Amino acid sequence: MGATDPSSRPPRTDVKAPPFTYHRPDTLDAALSLLAEHGDDAKILAGGQSLIPLMGLRMGRPDHIIDIGRIPGLSDITVHDDRSVTLGALVRHEQANTSADVAEHQPLIAATMPWVAHRAIRTRGTVLGSIAHGDPAAEMPAVVLATGATLVATSASGRREIAARDFFEGYLDTALRADEILTEVTFPAWPSDAVGSVVEVARRHGDYALVGLVARLEIDAGDIITNAALAFFGAASTAIRVPTAEDILLGARANAKTFASAAQIVASELNPPADIHGTTAYRKHLASTLTRQGLEAAVATIGVPS
Amino acid sequence: MSASPQTAESNARLASEETAGGSVIDLAFTVNGAAQQVRVEARRTLSDVIREDIALTGTHLGCEHGVCGACTVLVDGQPARSCLMLAGQAEGSEVTTIEGLARPDGTLHPIQQAMMDAHGFQCAFCSPGFLMSAVALLDENPEPTNAEIREELSGNLCRCTGYQSIIAGVERAVEIMRSDDADTKTDDDAEGATS
């Protein structure tokens, strides 16, 4: 049947990840008390699509892995009366990608999901895991910033809310404390006059972006921009908004001239790090071009007021 | 098929000598319809378990960090990178590997026949991952467009073919499955007519 006779081929005994103590608690409380006990020496395993490769590369060597994958009740997508939407810790990207509630109430998340990796990764990776990991080139942290989401950190001693703008502190570093799990993220109701877009340049669709932009505008009946968020990823050590470019948009008419002014400011404000895939100058150029394209796409696509 | 005595012995040795304090777990899950119980280091990935402990070496490992797609298997019917799952995450799940595609009598799955028809491989190292990704697509969407095929396979890398023959292979599989369905339907109609 295609199976190699094991006796003809001794099993390989080398393993990529360093050894750890594996915990698979059945309840959130149990996970939180393990985390309270082991703190800095522990990592939470949800989908594992970032953590497992890091451990394989031995860039992460946690002594304890706390696998929350079997805890019931963490996979909910909840639409509240005010039409805000809360995602639980185990909502996987593919679940969000195919959720009718997300499509109806959070068009920006729905538009983002197809950009996140490939389906075989989206089926496992969790939305909150991506946010808690805080990769500067990932899409969801920028969505959190652009929408002004509220993040809930839970520890054995209680829960606290963290505003989106206070969450991403540095490269792969967030406001989560060692004893906290990111248990919920609530995205505010999508206003009827809001439009948005996700644009990015990656070497291959589904790979991490060289640079990307999540744009969100509110535009009144007179075509004047009343609210603006430009959240870039792959452009700094965290996902980042560019308030000076947003200020140019506020109060201006939603047209190509306004968007070009914003694009110019983005190019002067951002100073993206260089790596093997792109220089700083190239990434600045991409960020500026994406600003124009993203704003035009926003006006042309999601939730355009009719 | 269960783990061979030698595999069990090897794992016992692992447990005693090489785990350096790491957990060893008893894992029960299903692979290609057969129940499996193995005792493995918790740091083993699902792909390690499939290849080394269950000795199904059709699942290939390329990059081992989620980029190349060679290790793609189905977990509870959904495509997943077996190199990006720890063994313990597979507890209780139903895993399908490339070895699970052909029928027990050796009849190839339509996607396997189609890839042969379309010359959808050269060295074939990447093929198990491509085929499992394609099966995941066709299970959900039996009539994908060319763009949908490209999107679904965008997570798999091939260094030989230039991809065109692989995409042609999936399109050929769609044709085969469509004609198989038509045959089944005709058979059903025939049965209906005689009863």
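Predicted, not measured: the structure shown is a model, and the values here were computed from it. Each chain gets a letter, A, B and so on, in the order the sequences are listed, and its residues count up from 1.
The local environment of CG in D40(A) is sparse, with at most 12 non-hydrogen atoms from other residues, nucleotides or ligands closer than 6.0 Å.
Across every non-hydrogen atom of I52(A) and L84(B), the tightest pair is CD1-O, 3.1 Å. Taking each heavy atom of P19(A) and R43(B) in turn, the nearest pair found is CD-NH1, 3.5 Å. Here the closest non-hydrogen pair linking P53(A) and H65(B) is CB-CB, 3.7 Å.
Rounding to the nearest 0.5 Å gives a distance of 14.0 Å between CD of E41(B) and OH of Y22(A). Summarising the geometry, atom CD belonging to E91(B) is positioned 5.0 Å from atom CZ belonging to R24(A); distances are rounded to the nearest 0.5 Å.
With a threshold of 4.5 angstrom between heavy atoms, L51(A) does not approach chain B through any atom at all. The contact between M85(B) and chain A is made by backbone and side chain atoms together, counting heavy-atom distances below 4.5 Å. Interface residue I25(B): only side-chain heavy atoms are found under 4.5 Å from chain A. For chain A, the nearby part of E152(B) is the side chain; its heavy atoms alone come within less than 4.5 Å. For V67(B), the parts lying near chain A are the backbone and the side chain together; criterion is any non-hydrogen pair under 4.5 Å.
Although no hydrogens or angles enter the test, the distance criterion places no donor-acceptor pair under 3.5 Å between the side chain of E64(B) and the main chain of L57(A). Not one N or O on the side chain of R119(A) forms a donor-acceptor pair closer than 3.5 Å with the backbone of L153(B). Under a 3.5 Å cut-off, the side chain of R204(A) and the backbone N or O of S154(B) do form a donor-acceptor pair.
Among G66(B), G69(B), G88(B), the residue with the largest count of heavy-atom pairs under 4.5 Å with chain A is G88(B). Taking chain A as the reference chain and counting heavy-atom pairs below 4.5 Å, the highest number among T72(B), D48(B), L86(B) is found for L86(B). Between chain B and the options P18(A), G56(A), S50(A), heavy-atom pairs under 4.5 Å are most frequent for P18(A).
Looking at T45(B) and K16(A), their side chains never come closer than 4.5 Å, going by heavy atoms from C-beta outward.
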Residues H118(A), R81(B); criterion side-chain contact (heavy atoms from CB on, under 4.5 Å); working and verdict: CA-CA 10 Å; H118(A) 306 281; R81(B) 301 278 202 251; 4.0 Å; yes
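Under the rule for a salt bridge (Lys or Arg N to Asp or Glu O under 4.0 Å), the partners of E184(A) that lie at least two apart in sequence or sit in another chain are R159(A).
Using non-hydrogen atoms only and a strict 4.5 Å limit, the part of residues 124-144 of chain A facing chain B consists of R124(A).
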